[in-house]
S.K.: 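Below is a structure I'd like to ask you about.
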Amino acid sequence: MSARLIDGKKIAEEIENELKAKVSKMDTPPKLSVIQVGDDPASTSYIKAKSNAAKRVGIELTHHHLSTDTTESDLCSLIGRLNSSVDGIIVQLPLPKGLESALNEIEPENDVDGFHPVNLGRLVQGKSGMKPCTPAGIVELLYRSGNDPKEKKVVIVGRSTIVGKPLSLILSQKGVDATVTLCHSRTPNIQSFCKEADILVVAVGSPDTITGAMVKPGVIVIDVGVNRTDSGLVGDVSSDVKEIAGQLTPVPGGVGPMTVAMLMSNTVDSASKN
Ligand code: NAP
C-alpha cells in the first residue's frame, strides 16, 4: 500500500490563516526586510514565495536587492539601520564569500530565520527564542498531522546548522521527548539506523539517498531535500520509499511551505513583542 502524503501546503495555509487573524488585530502591520545580495535564481524564487506568503498574512515585506560587489561594511550598515525600524530581518543565503559574518549584525530579536548564535544558544539551553524555520516547520508538521514525536525513535540524516542539528535539539527537548539519532556522511552502516526509525527525517541534498530497502514498514518519512533535476524538483528519498513508508511528505508541497509559514510566524511573534 502507498504511504499517506502529509500535505505541508494545506497545513501551512492553516497556519497562515491563524497568523492573518492575529495581524488583523494589530495597530500596524509587522515589518519584514529581506536582503538579497546578487542574483542567485534559487534565492529569487524563495524570496518570491516569502513575499507572496507575507501578502497573504498581512506582513509588510521589503526586498533590499544588492549587487554582488556589496562590501561587508555596506551590508552591516544596512542591517544596522533596519534593526531599529523593522520586526524581522532575513539575509537570503547563500551570500557571496566574505559577507557571512554580517549575519551576526542582526539583533537576535529581529533574527526571524533563527540563525543568530544567541538564538541557537537559547535553543541549546532549552530557553525561548527564535527557532530556525525549517526545523520548527518540521516539528509543527508532525504535530499538526497527528504524529506526536513523544517517545518515538527519530533518525535525522544530515547534520547542517540550519536543519539537522537544530532539529535534533528541538526534538530532544524536555516536553517534546523524542529519542534522536543524528546521522551524517561519516555514519557507518547508515541503513541500520534508518531501519530503526519511527520517524525518519532526511536533509542531505542528494536524490535517492534513502531507498525503500533502508526503511522500516510504516515509518513516517519527512523529506527535506530540494534537488533540481531534469524531471523537476525531487527530494532526497527514492520513489520506492512510498511503497514501504506509512506516511511521507511530498517534494514540492511538504517541508518547503512549512519553512515559509514559520518565517511568517516568527515575524508576527516579533511584532507582537515590539
Ligand atoms: P548541507 O548543509 O549540505 O548538509 C547536508 C548534510 O547531509 C551534511 O550533514 C552531510 O554530512 C550529510 N550527507 C551528505 N551526504 C550524505 C550521505 N550520503 N549520507 C548521509 N548523510 C549525508 O545541507 P542542508 O542545508 O541541511 O540542506 C539539505 C537539503 O535540504 C538540501 O536539498 C536543501 O535544499 C534542503 N532544504 C530544504 C529546505 C526547505 O524548506 N524545504 C530548507 C533547508 C534545506 P557531513 O556533515 O558529514 O558532510
Side-chain angles (χ1 to χ4, degrees), residues 5-13 15-16 34 40-53 90-95 100 103 112-115 120 130-142 154-171 180-197 200-211 213-215 221-229 231-238 241 248-266:
L5 289 183
I6 301 177
D7 191 343
K9 193 162 177 269
K10 186 160 163 256
I11 295 174
E13 271 167 25
I15 296 169
E16 283 184 10
V34 179
D40 176 56
S43 292
T44 303
S45 91
Y46 289 136
I47 292 171
K48 196 167 169 217
K50 289 167 189 177
S51 174
N52 290 338
I90 61 173
V91 177
Q92 189 66 45
L93 299 177
L95 270 177
E100 292 86 354
L103 287 173
V112 284
D113 260 340
F115 295 158
L120 291 174
M130 296 282 188
K131 292 198 172 60
C133 298
T134 302
I138 292 168
V139 175
E140 197 65 30
L141 192 63
L142 287 172
V154 181
V155 174
I156 302 169
V157 185
R159 56 177 164 183
S160 73
T161 314
I162 62 165
V163 187
K165 240 184 264 176
L167 179 63
S168 71
L169 290 167
I170 300 174
L171 287 170
V180 180
T181 305
L182 188 56
C183 300
H184 44 78
S185 69
R186 304 296 175 93
T187 304
N189 194 10
I190 206 161
Q191 172 165 346
S192 65
F193 294 96
C194 294
K195 274 265 186 206
E196 285 290 303
L200 177 65
V201 183
V202 190
V204 167
S206 179
D208 299 322
T209 303
I210 302 297
T211 62
M214 296 169 77
V215 303
V221 179
I222 308 293
D223 190 353
V224 188
V226 179
N227 305 293
R228 288 176 166 75
T229 68
S231 44
L233 281 191
V234 299
D236 287 343
V237 309
S238 300
V241 168
L248 174 68
T249 57
V251 179
V255 174
M258 292 302 293
T259 298
V260 177
M262 290 300 109
L263 175 66
M264 300 301 128
S265 174
N266 279 348

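One is the number of the first residue; the rest follow in order along the sequence. Counting convention: from 1, in listed order, for ligands and their atoms alike. Keep in mind it's a predicted model, so treat the numbers as computed, not measured.
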S.K.: Measuring from atom NZ of Lys10 to atom CD1 of Ile15, what distance do you get when rounded to the nearest 0.5 angstrom?
M.R.: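 The CD1 atom of Ile15 is 12.0 Å from NZ of Lys10, to the nearest 0.5 Å.
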S.K.: Number the atoms of ligand 1 from 1 as they appear, then name those within less than 4.0 Å of a heavy atom of Ile162, with their elements.
M.R.: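 Those atoms are 25 (O).
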S.K.: Would you mind telling me which of Asp113, Leu167, Val224, Ile162 makes a side-chain contact (heavy atoms from CB on, under 4.5 Å) with Thr134?
M.R.: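 Answer after filtering Asp113, Leu167, Val224, Ile162: Val224.
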S.K.: Rounded to the nearest 0.5 Å, how far apart are CG of Asp223 and OG1 of Thr249?
M.R.: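 Taking CG in Asp223 and OG1 in Thr249, the distance rounds to 5.0 Å.
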S.K.: Which of the atoms in ligand 1, numbered in the order shown and given with their element, are less than 4.0 Å from a heavy-atom of His184?
M.R.: 11 (O), 20 (C), 21 (N), 47 (O)
S.K.: Please state which protein non-hydrogen atom is closest to atom 17 (C) of ligand 1 and give its distance, to 0.1 Å?
M.R.: Thr209 CG2, 4.2 Å
S.K.: Would you say Ala203 contacts ligand 1, with heavy atoms under 4.0 Å as the rule?
M.R.: yes
S.K.: For the atom pair CG (Asp236) and CG (Asp208), what is the distance rounded to the nearest 0.5 Å?
M.R.: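 If we round to the nearest 0.5 Å, Asp236:CG and Asp208:CG are 9.0 Å apart.
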S.K.: Treating Ser160 as the side-chain partner and Val163 as the backbone partner, does any N or O pair qualify as donor plus acceptor under 3.5 Å?
M.R.: yes
S.K.: Rounded at 0.5 Å granularity, tell me how far SG in Cys133 sits from CE in Met264.
M.R.: 8.5 Å
S.K.: CG of Leu95 to CG of Leu103: how many Å apart, nearest 0.5 Å?
M.R.: 5.5 Å
S.K.: For ligand 1 and Thr259, I'd like to know whether there is a polar contact (N/O to N/O, distance under 3.5 Å).
M.R.: yes
S.K.: Show, in sequence, the C-alpha distance, side-chain angles and deciding distance for Thr181 and Cys183, and conclude whether the side chain to side chain contact (heavy atoms under 4.5 Å, CB included) test is met.
M.R.: CA-CA 6 Å; Thr181 305; Cys183 300; 4.2 Å; yes
S.K.: Among Leu200, Val237, Val201, Thr187, which residue meets the side-chain contact (heavy atoms from CB on, under 4.5 Å) test with Val157?
M.R.: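 Output: one option passes, namely Leu200.
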S.K.: Does any N or O atom in Val226 lie less than 3.5 angstrom from one in ligand 1, N or O only?
M.R.: yes
S.K.: Under 3.5 Å, is there a donor-acceptor pair between the side chain of Ser168 and the main chain of Leu182?
M.R.: no
S.K.: Numbering the atoms of ligand 1 from 1, which are under 4.0 Å from a heavy atom of Val157?
M.R.: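 Result: 20 (C), 21 (N).
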S.K.: One residue to check: Thr161. Relative to ligand 1, which of side chain, backbone, both or neither has a non-hydrogen atom less than 4.0 Å away?
M.R.: neither
S.K.: For atom 30 (O) of ligand 1, is the nearest protein heavy atom under 4.0 Å away?
M.R.: yes
S.K.: Hey, does Arg159 come in under 3.5 Å of ligand 1, counting only N/O atoms on both sides?
M.R.: yes
S.K.: Identify the closest protein heavy atom to atom 42 (C) of ligand 1: which residue and atom is it, and at what distance?
M.R.: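 I find the closest protein heavy atom is Thr134 OG1, 3.2 Å.
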S.K.: Heavy-atom pairs closer than 4.0 Å: do any link ligand 1 to the side chain of Val224, the backbone, both, or neither?
M.R.: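 For Val224, the contact with ligand 1 is made by both the backbone and the side chain.
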S.K.: For ligand 1, which atoms have a heavy atom of Gly256 less than 4.0 angstrom away?
M.R.: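 So the atoms of ligand 1 that pass are 40 (O), 41 (N).
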S.K.: I'd like to check whether Asp236 has a polar contact with ligand 1, where a contact means an N/O of the residue lying under 3.5 Å from an N/O of the ligand.
M.R.: no
S.K.: Where is the nearest protein heavy atom to atom 44 (C) of ligand 1: which residue, which atom, and how far?
M.R.: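 Ranked first by proximity to atom 44 (C) of ligand 1 is Val163 CG2, 3.9 Å.
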S.K.: Does ligand 1 have a heavy atom under 4.0 Å from the side chain of Val204, from its backbone, from both, or from neither?
M.R.: both
S.K.: Could you grab the distance from atom CD of Gln191 to atom CD1 of Ile210, nearest 0.5 Å is fine?
M.R.: 9.0 Å
S.K.: Side chains of Ser206 and Thr209: closer than 4.5 Å at any heavy-atom pair?
M.R.: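 Sidechains of Thr209 and Ser206: in contact.
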S.K.: Looking only at distances, please establish whether an N/O atom of ligand 1 is found under 3.5 Å from an N/O atom of Tyr46.
M.R.: no
S.K.: Any idea which protein heavy atom is nearest atom 47 (O) of ligand 1, and the distance to it?
M.R.: Ser185 OG, 2.6 Å
S.K.: Could you tell me the residue and atom name of the protein heavy atom closest to atom 24 (P) of ligand 1, and the distance to it rounded to 0.1 Å?
M.R.: Ser160 OG, 3.7 Å
